[in-house]
Number of protein chains: 2
Amino acid sequence: MSQTVDRALSILPLLAEGPADLGQVADRLGVHKSTALRLLRTLHEHGLVYRQSDQRYRLGARLFALAQEAMENLDVREIAHPHLVRLNEQCGHTVHLAVYEENEVLYIDKVESRYPVRMYSRIGKPVAITVAAVAKLLLADLPEPERRALAEKLDYPMYTPRSTPNAEAFLKELAKVREQGWATDLGGHEESINCVAAPIRGADGRVVAAMSVSAPNVVVTADELLTLLPLVRRTADAISGEYSGRTPVHHPDKDTP
Amino acid sequence: MSQTVDRALSILPLLAEGPADLGQVADRLGVHKSTALRLLRTLHEHGLVYRQSDQRYRLGARLFALAQEAMENLDVREIAHPHLVRLNEQCGHTVHLAVYEENEVLYIDKVESRYPVRMYSRIGKPVAITVAAVAKLLLADLPEPERRALAEKLDYPMYTPRSTPNAEAFLKELAKVREQGWATDLGGHEESINCVAAPIRGADGRVVAAMSVSAPNVVVTADELLTLLPLVRRTADAISGEYSGRTPVHHPDKDTP
DNA sequence: ATGAGCGTTGCACTAAGCGCAACGCTCCTG
DNA sequence: CAGGAGCGTTGCGCTTAGTGCAACGCTCAT
């Protein structure tokens, strides 16, 4: 809607691919160098873009700070985290937390027992929306027209033979998920990985987030993983309770409606 | 430099504080509502801003994705990471990696043995620049005029009695650090925490990053921590070597100049 | 030395962003 | 239930603010 801002913001994903010099930026934006320069300077002043020693531009530091602040303000995440950790301690598998936003599902937290480091490796990246168990839960709760519109707009990549093939199958799956109140992904994204997921609901009953437990076939079979469903659902419900019946800061009361 | 973009970008830190509605944004920007609306819409289209169900605006998802991509492209970090992990395994303490950018020093990686989770809790946040050991190393390497200018512009909060009190003391400390090629922070940020740090240098010898080992007094005394200095320096040098003598992707040759 | 390639600057032009005022909606309130 | 306050939204005329051009200056390679 606003040309100048639009152009400026288009620079960011472009730089995310890697550093670029003024000419490259100008070319890819389709504007004159002087224009690109002014845009970059403005981004620079706000710290979103950094000029490295070889004069090329990179994404800047403030971006991290912003992303982090944004994250901290996601209160579902804050509330859920200790529960996810506890669940992880109990079952030992990878635990994910995801939300729906703007036609995308993205992980906002992850606890992985085996590899304690680099846990942000996937956080923030969009999820394979047509197959992930958490995605099914989040989409299943969308209002009918929106859900249908989205389902028809999506691509259905066949990650594996068991991936959701098309919109029709997906909508059917969503209906089932909506009905039963939980979801699975049995090898639909990666051949040997299974997940069970449960929804986290706000005070109004709408699904605000979803959590899942994932494990490779070699560790537990799909059937064994399903055994964990009650535990996963209990955890999700505990988070739901805390999230919906929340007193802003202190006062950890529980069962006040 | 570019008014429109400038205004649009000013919205981001504002929203980082928490969700806000159109009126609030317009007020704090000092522009008419219609103007704010157009800016927000543009930000929205680019996914930097999200509109939650109560119509208020939040920072959006793409921000995470961008920050993450930017991070992955920071090749120092990628190269350094395994070394940091190894060092952590050897000494058991918290290991940090930091870079200087635009008058700020920020952590870009962290390995913490005791608490495997939430490791991004501080990554991306600016460092206490006047006291942190890594900050000293990074600032000590700046060209003289820039270093002086920055030192005089900084605030010198007294986190503890041993914090750097003013520009003069800081510059003196930086000179010492520059001379000896390593740095410490002995209770300058938090009373009971000590750090030793060493620089990571690029092919041209300039400091591109700094790493540190931190531990609380209760675990090891400052003197004991200093014992680790050779190990820290060796790790830093190993990273420097790999970083400067790099063949772009594969070919892990080492000593070709 | 010479020139190619890059970032940078000042300027005239006009498109693009601006604020205004009016509209429509939802949600309180009397 | 009618009235009104408070919010987001829209269309429009005014003019500011962003644009592209062309010329400059710098750094490197030849």
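Every chain is numbered from 1, with letters handed out A, B, ... down the list of sequences.
Between A:D6 atom CG and C:dA15 atom P there is a gap of 19 Å when expressed in whole angstrom units. Put simply, CG on A:D21 is 17 Å from P on D:dT27, counting in whole angstrom units. Summarising the geometry, the separation between CZ on B:R56 and P on D:dG8 is reported as 11 Å, rounded to the nearest angstrom. Summarising the geometry, the separation between CD on B:Q3 and P on D:dT19 is reported as 12 Å, rounded to the nearest angstrom. Distance A:Q55 CD to C:dG5 P: 17 Å, rounded to the nearest Å. Taking atom CG on A:L39 and atom C1' on D:dT19, their separation rounds to 10 Å, with Å as the unit. Per the geometry, CG belonging to A:L22 stands 4 Å off P belonging to C:dG7, to the nearest Å. When rounded to the nearest whole Å, the span between CG of A:L40 and P of D:dT19 equals 12 Å.
Between B:R7 and A:R41, the residue anchored nearer the 5' end of DNA chain C, judged by the nucleotide with its closest heavy atom, is A:R41.
Comment: A:K176 does not engage A:E179 in a salt bridge, judged by the lack of any side-chain N to carboxylate O separation of less than 4.0 angstrom.
Formation of a donor-acceptor pair under 3.5 Å by the A:Y156 side chain with backbone atoms of A:A169 is not found in this model.
Using a 4.0 Å cutoff on non-hydrogen atoms, the parts of residues 25-38 of chain B near DNA chain C are B:V31, B:H32, B:S34, B:T35, B:R38, ordered by number.
Around the CD atom of B:E168, the shell of radius 6.0 Å holds no more than 12 heavy atoms that belong to other residues, nucleotides or ligands.
For the OP1/OP2 pair of C:dG17 and a distance below 4.0 Å, the side-chain nitrogens and oxygens of A:S2 include at least one atom meeting the criterion.
Exactly one residue among A:D6, A:I11, A:T4 makes a side-chain contact (heavy atoms from CB on, under 4.5 Å) with B:V5. That residue is A:T4. The side-chain contact (heavy atoms from CB on, under 4.5 Å) test with A:S10 singles out one residue from A:L29, A:V25, A:V31, and that residue is A:L29.
In summary, the side chains of B:D109 and B:H81 do present a donor paired with an acceptor at a separation below 3.5 Å, with no hydrogens or angles considered.
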